[in-house]
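Every heavy atom of this structure was used, including side-chain atoms; hydrogens, water molecules and symmetry mates were not.
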Amino acid sequence: MNGFIDLQVNGYAGVDFNSDDLAIEDIAAVCDKLKTVGTAVFLPTIITADLDAMQSRIAKIADAIESDPSVAAMMGGIHVEGPFISCEAGYIGAHPADAACDATEDAISRLLDAGRGYIRLVTLAPEVAGAVSATKRLADQGITVAGGHSNATLDQLHAAIDAGMTMFTHLGNGCPVTMHRHDNIINRVLACADQLRISFIADGHHVPWFAMRNYMNNIPDQNIIIVTDAISAAGLGPGKHRLADQWVEVDPSLAAWGEGRKQFAGCATEMPRMVTMLMEQKIASEDQIKRWTVDNPARVLGIPV
């Protein structure tokens, strides 16, 4: 596989996959533009909203995959991030807390039906009611289940792993600024690092470089994945941009802030810049970069490497 495999793209270059006005032509344009910055395959990511909106947005991506061969060639499926996530302050991140919900059989069926077989990755919080049975149901269908936006206990993480959870989404994010100094979700996930693939947003904002280095030193190399978590602002520079039903402000350092600047809301840094910074910070070698941005995410999607 030649090119990056990005498992988390909310939008790019002015196009928001979580917009109700999204057109198939917009989706095709994103594919073309991502190709120019070295991305070979990506997962468009639909984030937490009310179920009707999520169904509509997922269905629009499925329509694009089925109607445009160039889109189908680049999209490795769909990543659904939420709505089965923690509604606690901090853990919810930039997702709307009033739309977070339990992982009921009906809610899961509605999202899967909208995806028409294209959903490949679901991020949920293992502590949410119904999450363990949902994990088993999704995993049995060949869908990768990742923890995320979660304050799961170690026992809850182990239960989810036993049910089929194999990944954790953007560790170090989707959690409060202040937490217990030892018993926190970051350390709990690191304690399971031999059992989970763990993704990171390597923009220097979501996780400070010194912390990123510590995390990488404690995770098996084959379990590290870099994602952009790109939003519509990625590739456009500073300014105000849309992410679903909110405005995001990108500052001159390319940090993407949610309303009120209380937390980050996605990312405006492109994958080539992340690669450069990982090497400048001496966190990764060229071989590791390939594993983290190509080989390891390819295995999540079942793509030969």
Side-chain angles (χ1 to χ4, degrees), residues 1-19 22-47 57-82 115-123 143-144 146 148 167 169-170 197-203 206 224-236 241 243-244 256 266-275 278 289-305:
M1 173 62 63
N2 294 317
F4 306 121
I5 299 178
D6 191 346
L7 301 183
Q8 194 165 3
V9 178
N10 307 285
Y12 184 73
V15 175
D16 179 12
F17 292 139
N18 291 273
S19 168
L22 183 67
I24 290 176
E25 294 76 15
D26 297 328
I27 298 170
V30 168
C31 292
D32 290 341
K33 290 176 181 177
L34 280 173
K35 198 179 299 181
T36 67
V37 293
T39 299
V41 176
F42 72 99
L43 297 188
T45 301
I46 302 301
I47 66 171
R57 294 164 186 175
I58 291 168
K60 182 62 68 67
I61 300 295
D63 289 343
I65 293 171
E66 292 177 349
S67 63
D68 189 326
S70 67
V71 170
M74 279 200 74
M75 287 189 175
I78 301 170
H79 178 178
V80 179
E81 185 185 5
R116 304 200 291 274
Y118 296 110
I119 294 175
R120 299 297 305 279
L121 173 62
V122 172
T123 294
I143 297 170
T144 297
M167 189 172 160
T169 293
H170 56 45
R197 294 185 174 101
I198 303 173
S199 72
F200 294 91
I201 306 168
D203 64 351
H206 283 78
I224 297 171
I225 292 173
I226 301 300
V227 297
T228 61
D229 198 18
I231 60 173
S232 64
L236 298 181
H241 308 271
L243 172 60
C267 176
T269 302
E270 298 167 285
M271 189 70 85
R273 179 60 184 153
M274 290 187 178
V275 167
L278 284 165
I289 289 293
K290 182 176 182 296
R291 284 193 288 275
W292 299 355
T293 64
V294 182
D295 298 351
N296 296 347
R299 292 187 181 96
V300 171
L301 299 179
I303 297 172
V305 294

Exercise. Over all heavy atoms of both residues, which pair between G14 and L236 is shortest? Give the atoms and the distance, please.
Key: N-CD1, 3.4 Å
Quiz item: Partners of R120 by side chain to side chain contact (heavy atoms under 4.5 Å, CB included), sequence neighbours excluded?
Solution: L301
Practice problem: Rounded to the nearest 0.5 Å, what's the gap from CE on M274 to CD1 on I289? Could you check? | Solution: 11.0 Å
Self-check item: Atom pair NZ (K60) and OG (S19), whose distance is rounded to the nearest 0.5 Å
Solution: 8.0 Å
Quiz item: Under the side chain to side chain contact (heavy atoms under 4.5 Å, CB included) criterion, do T228 and Y12 qualify, and how do the steps go?
Solution: CA-CA 10 Å; T228 61; Y12 184 73; over 6 Å; no
Let me have the donor-acceptor pairs involving side chains of residues 67-81, under 3.5 Å, with sequence neighbours excluded, atom names and distances please.
| unit_1 | atom_1 | unit_2 | atom_2 | d |
| --- | --- | --- | --- | --- |
| S67 | OG | D63 | O | 2.8 |
| D68 | OD1 | S70 | N | 2.9 |
| D68 | OD1 | S70 | OG | 2.5 |
| H79 | ND1 | L7 | O | 2.9 |
| H79 | NE2 | T123 | OG1 | 2.8 |
| E81 | OE1 | Q8 | NE2 | 3.1 |
| E81 | OE2 | H149 | NE2 | 3.0 |
| E81 | OE2 | H170 | NE2 | 3.2 |

Quiz prompt | Intermediate values then yes/no, side-chain hydrogen bond (donor to acceptor under 3.5 Å, both in side chains), N10 and D16 | solution = CA-CA 6 Å; N10 307 285; D16 179 12; over 6 Å; no
Practice problem: For residues D203 and T269, report the shortest heavy-atom separation together with the two atoms involved. | Solution: CB-OG1, 3.6 Å
Quiz item: Is any side-chain heavy atom of R291 less than 4.5 Å from a side-chain heavy atom of I224?
Solution: no
Quiz item: Are any non-hydrogen side-chain atoms of N296 and R299 less than 4.5 angstrom apart?
Solution: yes
Exercise. Could you check V15 against L22 for side chain to side chain contact (heavy atoms under 4.5 Å, CB included), going step by step and ending with a plain yes or no?
Key: CA-CA 8 Å; V15 175; L22 183 67; 3.5 Å; yes
Quiz prompt | Minimum-distance pair of heavy atoms, taken over all atoms of A62 and G115 | solution = CB-O, 4.0 Å
Quiz item: About how many Å separate CD1 of I201 and CG of D229, when rounded to the nearest 0.5 Å?
Solution: 4.0 Å
Quiz item: What's the spacing between L43 CG and T45 OG1 if we round to 0.5 Å?
Solution: 6.0 Å
Quiz item: Looking only at heavy atoms, what is the nearest atom pair of V300 and I225, with distance?
Solution: CG2-CD1, 3.7 Å
Quiz item: Got I65 and R116 here, is their nearest side-chain heavy-atom distance under 4.5 Å?
Solution: no
Quiz prompt | Derivation and outcome, side chain to side chain contact (heavy atoms under 4.5 Å, CB included), residues I61 and R57 | solution = CA-CA 7 Å; I61 300 295; R57 294 164 186 175; over 6 Å; no
Exercise. Report yes if the side chains of I27 and F17 come closer than 4.5 Å at any heavy-atom pair, otherwise no.
Key: yes
Quiz item: CZ/F4 to CG/L34 distance, rounded to the nearest 0.5 angstrom?
Solution: 11.0 Å
Quiz item: What are the two closest heavy atoms between V41 and T39, and how far apart are they?
Solution: O-CG2, 3.5 Å
